[in-house]
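This report concerns only the one structure given below.
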Amino acid sequence: METTADLLIREYPVSEMIFKQLYESCFPTSARWVAKMNGSFEDASDIFQDALIIYYEKNQIKNFEINTSVNAYILGIVKHLWIRKFKDDARNVSLSEIESRISIPSDFFPAPNTEKLLQFLESTGRQCLELLSAFYYEGLNMKQLSQRMNFKGERSATVQKYKCIEKLRNTIKQKAIGYEDFVE
């Protein structure tokens, strides 16, 4: 059974009027099918527009012929696109969903050798030890750190923290110590 869209397409090249007619005749059926497959209205619109583009591109090919009505052909494209989208979405799992499934045992990360670490921190000097412990262990921000350590401002605290870290790095490099030496 030929629809109005079939007659228009046969008589006229694909135009805005034909797209409007295709929307009116095909979209409700496509939207119902996508809704039945647990899709949203936005999903149906996106899939239908993609189907129209595919149909338009196929229609530009010479000797293009379909054996069904245009509505059935477009609905077939919609079904194919939806199934492909559903398969692609099924493969993609969000990271937050994966994180909720994974449990990391408490003993997964090796415990740091605090004595060795403290020895190296002490080798940087009392002020660096206080500054680094206040920042990393107490969680003070640069403003709080600058007030506690009597620096002129946040920038001074940042520079001093950087210098202390560099001092610690150089000490560790000189003694050729690796990460493994700090874990038990």
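These figures come from a predicted structure and were not determined experimentally.
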Using 0.5 Å steps for rounding, measure from the [atom1] atom of [X] to the [atom2] atom of [Y].
X      : Y      : atom1 : atom2 : answer
Phe135 : Leu140 : CZ    : CG    : 9.0 Å
Trp82  : Leu75  : CH2   : CG    : 13.5 Å
Leu129 : Leu168 : CG    : CG    : 10.0 Å
Lys58  : Ile74  : NZ    : CD1   : 13.5 Å
Tyr23  : Ser45  : OH    : OG    : 6.5 Å
Phe48  : Phe41  : CZ    : CZ    : 11.0 Å

Under the side chain to side chain donor-acceptor pair (under 3.5 Å) rule, what pairs show up with a residue in residues 158-170, not counting sequence neighbours? Glu166-Arg169

Restricting to pairs with a member in residues 135-152, which pass side chain to side chain donor-acceptor pair (under 3.5 Å), not counting sequence neighbours? Glu138-Arg148

Minimum-distance pair of heavy atoms, taken over all atoms of Leu145 and Phe151: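 Scanning both residues completely, I find the closest heavy atoms to be O-CD1, 4.3 Å.
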
Check Val34 against Ser40 and note the closest heavy-atom contact, atom names and distance. CG1-O, 4.0 Å

Can Ile53 be reached from Phe27 by stepping across I, L, V, M, F, W or Y side chains whose heavy atoms are under 4.5 Å apart? no

Is [Y] close to [X] at the side-chain level, that is, under 4.5 Å between some pair of heavy atoms?
X      : Y      : answer
Leu22  : Tyr55  : yes
Cys164 : Thr124 : no
Ile54  : Leu81  : yes
Val78  : Tyr73  : no

